[in-house]
Amino acid sequence: MIWNTMMGTSILSIPWGIRQAGFTTGMCVIMLMGLLTLYCCYRVVKSRTIISSVDTTTWEYPDVCRYYFGSFGQWSSLLCSLVSLIGAMIVYWVLMSNFLFNTGKFIFNFIHHINDTDAILSTNDSNPVICPSARSGDHPDNGSMISMIFYTNDSGLQQFEKWWNKSKTVPFYLMGLLLPLLNFKSPSFFSKFNILGTVSVLYLIFLVTLKAIHLGFHLEFHWFMPTEFFVPEIRFQFPQLTGVLTLAFFIHNCIITLLKNNKNQENNVRDLSIAYMLVTLTYFYIGVLVFVSFPSPPLSKDCIEQNFLDNFPSSDILSFIARIFLLFQMMTVYPLLGYLARVQLLGHIFGDVYPSIFHVLILNLVIVGAGVLMACFYPNIGGIIRYSGAACGLAFVFIYPSLIYIISLYQEERLTWPKLISHIFIIILGLANLIVQFFM
């Protein structure tokens, strides 16, 4: 359950994060961030049990924050939780626009027998890998290049490209599909599709494994200096990966709720550790396998996209299936995230999760509008994930678990210098993780 809940869209950006950090640095960062976020999550789980003066059996983590920090702790934890939810919804909208666009493009190209890999830098084999971000005289952007090469006078293709555009039209088409679903009073219907998340991740593992078998491994080790096709093992952009991983390992705002359903409460720490180990191994497996199998040469490792599925052409059958899976899964999870945002915001302000259709519609229009704007003007899921991850993780992952533990030890007169210094260091890491994102 924890593994399924934690695994999200961040998995698509892990290979890009490794590219930014360097292969060796990236592997080390994944392991270290897994251990650090596990420890902070453990502190969240234990935060209720160290309060002996009141009954905390029904408490959630914002209640613990309110106990120690008053209304500021409650509202700041609520704000950070909303940042993580809305950030996830924005990433979902960008990805759904991407998947819907590529699905329509696959169908159009299949019907009209168009090979879109000829328009951009790619490998020339039976398993093509493309570099959409390449900018050169020989390989221009793939926006309208197909029509330049194949169908300069084909009005049908021009009309398709006009009305089926990844950043100008498709994000708006999604509004007609998803905005009505956000206004449902109960999300119980969509919760029945949770199994799709597990199926999607398992299929991604299958896809990456099969592609790696066909492509083989392509690695060269250069510690500090890049080459034409390979990135150095140590890169100073590694904080971009730590920002992504903060959201990738983020479950701290709902871990108490999830573990309440555990029949054997004494096994909570064991189950949490196993879940984090499985998530870390999944990220490690997909991230490393995509990176090492990326065909360099002829393509540079710097061609790995923020969504690694973008490195496979829309005509690729296996990637088409993955996009269909993920599109349908996200369309069922998106209303659930909207409902959680509604519960946390409207429930705290008005005391009712559905005060009126007007209130709900305004909130949903704001959330959807943010997703549409990002999909149109900043469709970089790696950037969105790392900023929102570092922001919400600052409070929930780094500051509150450490501060609450320090305060509880101080009240019990058990606080020692090593524990104080180590937990202050965790807080400093969280602050640095957020600040450095704006300089990358």
Side-chain angles (χ1 to χ4, degrees), residues 5 8-10 12 78-79 81-107 160 162-197 200 247 254 307 323-381 383-385 387-388 392:
T5 305
T9 55
S10 303
L12 299 173
L78 172 66
L79 177 63
S81 183
L82 282 172
V83 167
S84 67
L85 283 172
I86 295 175
M89 293 181 76
I90 290 174
V91 172
Y92 269 45
W93 201 275
V94 173
L95 285 172
M96 287 187 294
S97 301
N98 181 307
F99 296 150
L100 183 60
F101 168 78
N102 280 290
T103 300
K105 188 177 176 183
F106 171 87
I107 296 171
F160 174 78
K162 177 182 178 181
W163 294 105
W164 196 256
N165 187 286
K166 182 160 59 175
S167 61
K168 296 179 180 178
T169 60
V170 174
F172 293 95
Y173 297 155
L174 278 173
M175 291 182 67
L177 291 171
L178 292 175
L179 189 57
L181 301 180
L182 286 174
N183 298 314
F184 282 17
K185 285 190 175 182
S186 173
S188 57
F189 172 75
F190 302 104
S191 62
K192 298 175 183 177
F193 296 94
N194 278 345
I195 188 64
L196 289 176
S200 298
L247 192 62
C254 61
N307 169 13
R323 292 182 180 112
I324 290 289
F325 260 125
L326 290 167
L327 176 61
F328 189 66
Q329 180 228 343
M330 290 180 183
M331 290 180 67
T332 58
V333 173
Y334 191 83
L336 290 174
L337 296 176
Y339 177 77
L340 292 175
R342 187 202 315 167
V343 167
Q344 294 194 4
L345 185 60
L346 300 186
H348 278 78
I349 295 176
F350 300 102
D352 186 355
V353 300
Y354 206 97
S356 72
I357 183 63
F358 175 76
H359 292 86
V360 173
L361 185 60
I362 292 297
L363 174 63
N364 292 336
L365 282 173
V366 170
I367 294 174
V368 168
V372 171
L373 287 174
M374 285 295 186
C376 292
F377 300 108
Y378 190 76
N380 303 318
I381 66 165
I384 300 171
I385 289 173
Y387 283 119
S388 59
C392 68

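Quick caveat: nothing in here was measured; it's all calculated off a predicted structure.
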Going from [atom1] on [X] to [atom2] on [Y], what distance comes out if it is rounded to the nearest 0.5 angstrom?
X: L326; Y: N98; atom1: CG; atom2: CG; answer: 10.0 Å
X: L363; Y: I86; atom1: CG; atom2: CD1; answer: 7.0 Å
X: L178; Y: Y173; atom1: CG; atom2: OH; answer: 15.5 Å
X: T9; Y: M89; atom1: OG1; atom2: CE; answer: 12.5 Å
X: K168; Y: F101; atom1: NZ; atom2: CZ; answer: 11.5 Å
X: L337; Y: L85; atom1: CG; atom2: CG; answer: 6.0 Å

So which heavy atom on [X] is nearest to which on [Y], and how close?
X: M330; Y: F99; value: CE-CE1, 3.8 Å
X: G338; Y: L182; value: CA-CD2, 4.0 Å
X: T332; Y: L336; value: O-CG, 3.9 Å
X: A370; Y: I90; value: CB-CD1, 4.0 Å
X: A375; Y: W93; value: CB-CD1, 4.1 Å
X: L174; Y: L100; value: CD2-CD2, 3.9 Å

Can you find a heavy atom in the side chain of [X] that is under 4.5 Å from one in the side chain of [Y]?
X: C376; Y: F172; value: yes
X: I367; Y: Y334; value: yes
X: V353; Y: L346; value: no

Excluding sequence neighbours, so at least two apart, what forms side-chain hydrogen bond (donor to acceptor under 3.5 Å, both in side chains) with N165?
S167

